[in-house]
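A quick write-up on the structure given underneath.
Note that this is a predicted model, so its numbers are computed, not measured. Here is how names work: the chains are called A, B, and so on, in the same order as the sequence lines, proteins then strands, and each is numbered from 1.
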Number of protein chains: 2
Amino acid sequence: MPQTQATWQPPISGDPEQACPIAPVVDIVFSRWTTPILWALHTYGRQRFVELERRLTTITPKVLTQRLRQLERDGLVARTYHPEVPPRVEYEITELGSSLAPLFAHLAEWASTHLEQVERSRHAYDTDRATGAAETATAVRRAGPA
Amino acid sequence: MPQTQATWQPPISGDPEQACPIAPVVDIVFSRWTTPILWALHTYGRQRFVELERRLTTITPKVLTQRLRQLERDGLVARTYHPEVPPRVEYEITELGSSLAPLFAHLAEWASTHLEQVERSRHAYDTDRATGAAETATAVRRAGPA
DNA sequence: CAGAATCCTATAGGATACTG
DNA sequence: CAGTATCCTATAGGATTCTG
């Protein structure tokens with residue numbers, strides 16, 4: 001049976017996680033609060049729960065605890081409990097956690113050099129949509145230069 | 001007025017977003033599907049909607065559309081619409097999107113060298129919790145070597 | 001083909017209050 | 001101080017169906 005258009009395509013790949021080698025890292029390192037926490041620990045060194053809380057001004061203690069627990073479980077952060085009154089708990093980045101430092105530096109670098117472009121692109125996209133950009137005749141390509 | 005314990009701490013910082021320079025990037029690049037999409041476009045080049053759909057085996061068309069729209073708006077991906085029947089739409093990574101390539105390479109590198117450590121840490125943490133690791137006397141430090 | 005529309009759920013995260 | 005305990009909401013993401 002002849003197919004009009006669609007030439008048959010193989011399944012291409014089995015596992016999207018495997019297809020994208022960095023997908024697993026995303027779950028570990030990149031969420032709303034994990035990067036700020038790691039950044040704070042890396043930048044300002046070992047510190048207590050309340051210090052982190054003050055630094056990440058808008059975080060709630062519940063979420064801070066959750067993310068710290070996850071980071072501890074993943075071995076990126078170490079927790080030290082001093083049985084005193086009042087209790088003192090200190091968090092520090094581990095060697096494994098520090099191994100992300102160069103990556104973070106690159107990300108910060110990328111941010112400083114490209115974030116503005118993203119902003120401009122967003123603005124252009126939004127105003128285009130708002131003013132009802134004409135869909136002319138032939139192939140329409142959107143977004144800035146390739 | 002002498003304070004018992006807590007030496008006063010300054011507000012430390014105003015804005016957590018500003019405190020962590022890579023926080024803004026996280027929203028743009030790192031979510032469940034954005035990295036696999038960017039990876040696919042970067043690795044296999046310009047391709048159609050259905051090709052991406054097949055490559056990212058478990059993604060749904062709705063989510064794929066959403067993420068592609070966001071990437072287009074942010075200028076990381078370009079969409080080309082060919083008014084034919086049936087319609088043909090091609091997506092490709094932009095120059096701005098490609099600027100993330102070295103970063104992705106580093107992330108993939110980190111994954112290949114450190115993911116196993118994370119797995120081990122998780123396992124150790126879980127078995128520790130399960131067997132009720134004794135909280136001895138003095139300072140207790142958890143997680144692997146600093 | 002490339003999606004739009006609709007409905008649904010799981011969960012990350014926030015707000016608030018309480019405790020060893 | 002360093003959390004825990006509840007409650008709540010917003011939203012990312014999934015499943016399904018339909019269309020130009």
Side-chain angles (χ1 to χ4, degrees), chain A residues 3-9 16-17 23 26-37 46-72 77 79-92 129 135 139-142, chain B residues 3-9 16-17 23 26-37 46-72 77-92 135 139-142:
Chain A
Q3 275 164 313
T4 40
Q5 275 254 344
T7 54
W8 182 79
Q9 296 296 113
E17 301 284 291
V26 176
D27 293 337
I28 299 171
V29 181
F30 300 98
S31 75
R32 171 81 208 273
W33 285 113
T34 51
T35 40
I37 290 171
R46 156 196 288 244
Q47 54 199 290
R48 320 176 52 163
F49 186 89
V50 72
E51 293 182 84
L52 282 168
E53 207 176 349
R54 271 195 282 259
R55 224 179 278 284
L56 315 169
T57 49
T58 61
I59 201 173
T60 63
K62 178 195 146 195
V63 173
L64 181 54
T65 303
Q66 285 178 341
R67 300 275 68 86
L68 282 172
R69 288 284 187 281
Q70 182 196 324
L71 288 169
E72 191 193 348
V77 161
R79 185 190 114 120
T80 313
Y81 174 75
H82 302 272
E84 310 164 358
V85 271
R88 185 161 56 92
V89 177
E90 288 180 313
Y91 292 92
E92 65 188 317
R129 291 302 95 73
E135 310 225 345
V140 178
R141 183 170 187 283
R142 308 199 288 219
Chain B
Q3 274 165 314
T4 41
Q5 277 252 343
T7 53
W8 182 79
Q9 297 294 114
E17 300 285 291
V26 176
D27 294 337
I28 300 171
V29 182
F30 300 99
S31 74
R32 172 81 208 275
W33 285 113
T34 51
T35 41
I37 290 171
R46 155 196 287 243
Q47 55 201 288
R48 326 177 46 163
F49 188 89
V50 72
E51 293 182 83
L52 281 168
E53 207 176 350
R54 271 194 281 258
R55 224 179 277 283
L56 315 169
T57 48
T58 61
I59 201 172
T60 61
K62 178 197 147 194
V63 173
L64 180 55
T65 304
Q66 284 178 340
R67 300 275 66 87
L68 282 171
R69 286 285 186 283
Q70 182 196 324
L71 288 168
E72 190 193 351
V77 160
R79 186 189 113 121
T80 313
Y81 175 76
H82 303 272
E84 312 165 359
V85 273
R88 184 162 56 92
V89 176
E90 288 180 311
Y91 292 92
E92 64 188 316
E135 310 224 344
V140 178
R141 184 170 186 283
R142 307 199 290 219

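Here B/Arg46 pairs with B/Glu90, B/Glu92 under the side chain to side chain donor-acceptor pair (under 3.5 Å) rule; sequence neighbours left out. Not a single side chain to side chain donor-acceptor pair (under 3.5 Å) links B/Thr35 to another residue, sequence neighbours left out. In this structure, the ring pair (Phe, Tyr, Trp, His ring centres under 6.0 Å) partners of B/Phe30, at least two apart in sequence or on a different chain, are A/Phe30. Residues satisfying the side-chain contact (heavy atoms from CB on, under 4.5 Å) test with B/Pro87, not counting sequence neighbours, are B/Tyr81. With sequence neighbours left out, B/Gln47 forms a side chain to side chain donor-acceptor pair (under 3.5 Å) with B/Arg55. For the side-chain contact (heavy atoms from CB on, under 4.5 Å) test, residues two or more places apart in sequence or in another chain that qualify with B/Val63 are B/Trp33, B/Ile59, B/Thr60, B/Gln66, B/Arg67.
Rounded to whole Å, the distance from CD on B/Glu84 to C1' on C/dC1 is 10 Å. Per the geometry, CD1 belonging to B/Ile37 stands 14 Å off P belonging to C/dA2, to the nearest Å. Atom P of nucleotide D/dA2 and atom CD of A/Glu53 are separated by 9 Å, given to the nearest angstrom. Separating the CD atom of B/Glu51 from the P atom of C/dC1 is a distance of 11 Å, rounded to the nearest angstrom. Between the CD atom of B/Glu72 and the C1' atom of C/dA2 there is a distance of 13 Å, rounded to whole Å. Whole-Å rounding puts the B/Arg54 CZ to C/dG3 P distance at 14 Å. D/dA2 atom P lies 9 Å from atom CD of A/Glu90, rounded to whole Å. Here C/dA2 presents its P atom at 10 Å from CG of B/Leu64, a figure rounded to the nearest Å.
Not one side-chain nitrogen or oxygen of A/Arg88 sits closer than 4.0 Å to the OP1 or OP2 atom of D/dG3. A/Tyr91 has no side-chain polar atom (N or O) that falls below the 4.0 Å cut-off from OP1 or OP2 of D/dC1. Within the 4.0 Å cut-off from OP1 or OP2 of D/dC1, not a single side-chain nitrogen or oxygen of A/Arg48 is found.
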- request: Using a 4.0 Å heavy-atom cut-off, write out nucleotides 5-20 of chain D from 5' to 3' as B (base contacted by protein), S (sugar-phosphate only) or - (no contact).
  value: -BB-----BBB----B
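Considering CD1 of A/Ile37 and CG of A/Leu64, their distance stands at 5.0 Å, rounded to 0.5 Å.
A heavy-atom distance below 4.5 Å is found between the side chains of A/Val89 and A/Arg79.
Bending across the helix from C/dC1-D/dG20 to C/dG20-D/dC1, expressed as the angle between its end axes from five pairs apiece, amounts to 50° (10° rounding).
Contact between A/Arg48 and A/Glu51 at its shortest, heavy atoms only, is N-OE2, 2.9 Å.
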